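Quick caveat: nothing in here was measured; it's all calculated off a predicted structure.
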Amino acid sequence: MRISELYRSGTFGLSVEVFPPKSEKGDAILFQTLEELTRYQPAFVSCTYGAGGSTSKRTIELCKIIQDRYQTPATAHFTCVVSTREELIEWLRNASEAGIVNIMALRGDPPVGQETFVPADGGLSYANELVSLIREHFPEMGVGVAGYPEVHPDAPDAETDLANLKRKVDAGADAVYTQLFFNNDKFREFREQCAQAGIQCPIIPGIMPITEFKRIQRITSMSNSELPVELMGKLEAVQDDAEAQFEIGVEFAIKQSQELIDDGVPGIHFYALNRSHACKRIFDALGFQQK
């Protein structure tokens, strides 16, 4: 099912995000994770596109495996990084020929060692240009884009960030998937701001279960997301106890997700980090049914 059709029926859209592993052991862990999480019948599983386009071919390969082996729709991440316009079109053609009908269109992070994003010669600079490229050459594809409840780290302010999102939606995006956040009020404010700006497509909150305190500290520092003071205090108190960190993080994610569902969100996008245990606990607690 294409993203453009997914949220029209009113059915809740559960989705899961994974990334391409860098080893055979990582592959084995990912495939076990997919085996377990696809039983919950997600609307799609998305696969990221490495920094600097480093896993671009692997992203297509894994999306094909997700669809063929696990009988679950896949969404391929796609960025502007280090690619000319012609190379981007070729990648889209390869994805289409592999049976991929959904794309997550992102500007992308700079390659390792490069602090700021610099477009390739003959390439694109912004995600809205990428959305326009998809619509021009592959108009039948479903397109998701990223939104930032706590403002993109590169944006000078929330107003500019919202204007950038509006450009992506106006270029033809079907839905907005948010960066991770831990304060639902931030999401509610963001959703209201989007509505006031005339952004009418579905806005899907992104949830990352906390499984390790140090890892989530690194991730939030890069993503501009804040941990609530109370949650931070609980995690700091057990920072030498991995099991306790996991339990605190999972319970918080269950509560956060249930509040969002009660608020009427059309779906939730879970950042699984290629592990299934936390998501399984959350999905069971929320009542998602396995096939």
Side-chain angles (χ1 to χ4, degrees), residues 3 14-38 40 42-70 72-83 91 94-95 98 100 102-114 117 127 130 144-148 152-153 177-181 204-212 214-225 246 249 253 268-280 282-283:
I3 290 173
L14 168 67
S15 53
V16 175
E17 182 169 304
V18 298
F19 60 85
K22 297 180 180 179
S23 67
E24 290 185 5
K25 180 180 178 180
D27 281 355
I29 292 171
L30 172 60
F31 294 147
Q32 181 60 37
T33 294
L34 290 169
E35 181 70 35
E36 294 177 350
L37 296 187
T38 54
Y40 291 88
F44 66 81
V45 173
S46 72
C47 184
T48 67
Y49 189 99
S54 57
T55 64
S56 59
K57 293 181 180 179
R58 182 73 165 137
T59 296
I60 293 177
E61 292 170 0
L62 286 174
C63 283
K64 194 169 190 317
I65 289 172
I66 290 166
Q67 297 194 150
D68 294 347
R69 184 183 303 180
Y70 302 102
T72 299
T75 295
H77 286 224
F78 183 43
T79 79
C80 305
V81 182
V82 300
S83 296
W91 187 93
N94 291 336
I100 298 167
N102 289 320
I103 301 293
M104 198 73 72
L106 312 162
R107 186 203 67 180
D109 297 324
V112 175
Q114 184 175 307
F117 178 86
L130 199 56
V145 295
Y148 299 85
H152 191 286
Y177 296 84
T178 79
Q179 178 61 273
L180 62 99
F181 62 92
I204 315 303
I207 298 296
M208 180 178 287
I210 297 171
T211 57
E212 299 175 35
K214 288 184 178 179
R215 170 183 274 185
I216 206 64
Q217 282 183 305
R218 289 195 302 270
I219 291 172
T220 54
S221 68
M222 293 185 294
S223 65
N224 214 28
S225 303
F246 180 90
I268 298 179
H269 189 65
F270 286 91
Y271 298 100
L273 296 177
N274 289 16
R275 296 293 192 277
S276 61
H277 188 38
C279 283
K280 278 174 57 64
I282 296 164
F283 295 174

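The OG1 atom of Thr38 lies 14.5 Å from the CZ atom of Phe44; values are rounded to the nearest 0.5 Å. Distance check: Phe246 CZ to His277 NE2 gives 4.0 Å after rounding to the nearest 0.5 Å. Summarising the geometry, atom CD belonging to Glu17 is positioned 10.0 Å from atom CG belonging to Leu180; distances are rounded to the nearest 0.5 Å. One distance of note links CZ of Arg218 with CE of Met222; it measures 7.5 Å at 0.5 Å rounding. Remark: Thr33 OG1 to Arg275 CZ distance equals 6.5 Å, nearest 0.5 Å. Atoms CG and CG, from Leu130 and Leu106 in turn, are 8.0 Å apart once rounded to the nearest 0.5 Å.
Taking both residues in full, the closest heavy atoms of Asn102 and Ile100 are given as O-CG2, 3.4 Å, listed atom of the first, atom of the second, then distance. The two atoms that bring Gly26 and Ser23 nearest to each other are N-OG, 3.0 Å, heavy atoms only. For Cys279 against Pro209, the heavy-atom pair with the smallest separation is SG-CG, 4.4 Å. Taking both residues in full, the closest heavy atoms of Pro21 and Leu62 are given as CD-CD1, 4.0 Å, listed atom of the first, atom of the second, then distance. Scanning all heavy atoms of the two residues, the minimum distance from Gln217 to Thr220 falls at O-OG1, 3.1 Å. Taking every heavy atom of both residues into account, Ala105 and Ala127 meet most closely at O-CB, 4.1 Å.
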After noting the C-alpha distance and the side-chain angles of Met208 and Ile216, does the key distance pass the side-chain contact (heavy atoms from CB on, under 4.5 Å) rule?
-> CA-CA 9 Å; Met208 180 178 287; Ile216 206 64; 3.7 Å; yes
Go through the steps for Ser276 and Gln32 under the test side-chain contact (heavy atoms from CB on, under 4.5 Å), then give the verdict.
-> CA-CA 8 Å; Ser276 61; Gln32 181 60 37; 5.7 Å; no
Hey, mind stepping through Glu35 and Tyr70 against side-chain contact (heavy atoms from CB on, under 4.5 Å) and telling me if it holds?
-> CA-CA 7 Å; Glu35 181 70 35; Tyr70 302 102; 3.4 Å; yes
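With contacts defined as side-chain heavy-atom distances shorter than 4.5 Å, the pair Lys280/Tyr40 qualifies. Contact annotation: the side chain of Asn274 approaches that of Phe19 to within less than 4.5 Å [non-hydrogen atoms, C-beta and beyond]. Within the 4.5 Å cutoff, side-chain heavy atoms of Cys63 are placed close to those of Cys47. Taking 4.5 Å as the limit, some side-chain heavy atom of Leu34 sits within range of a side-chain heavy atom of Ile66. Between Phe283 and Leu37 the shortest side-chain heavy-atom distance falls below 4.5 Å. Between Val18 and Leu273, every side-chain heavy-atom pair lies at or beyond the 4.5 Å cut-off. Side-chain atoms of Phe181 and Tyr148, non-hydrogen and from C-beta on, never get closer than 4.5 Å to each other. Put simply, the side chain of Thr75 reaches to within 4.5 Å of the side chain of Ile3, judged on heavy atoms.
Scored by the side-chain hydrogen bond (donor to acceptor under 3.5 Å, both in side chains) test, Asp27 finds Arg58 as partners (sequence neighbours excluded).
A donor-acceptor pair under 3.5 Å links the side-chain atoms of Thr178 to the main chain of Gly206, judged by distance alone. A donor-acceptor pair under 3.5 Å is formed between the side chain of Ser83 and the backbone N or O of Val81. Under the 3.5 Å distance criterion, the side-chain polar atoms of Thr59 are left unmatched by any main-chain donor or acceptor of Lys57. Side-chain atoms of Gln67 come within 3.5 Å of backbone atoms of Ala74 as a donor-acceptor pair (strictly under, hydrogens ignored).
Aromatic ring centroids of Tyr177 and Phe270 lie 6.0 Å or more apart.
There is no side-chain donor-acceptor pair under 3.5 Å between Thr48 and His77.
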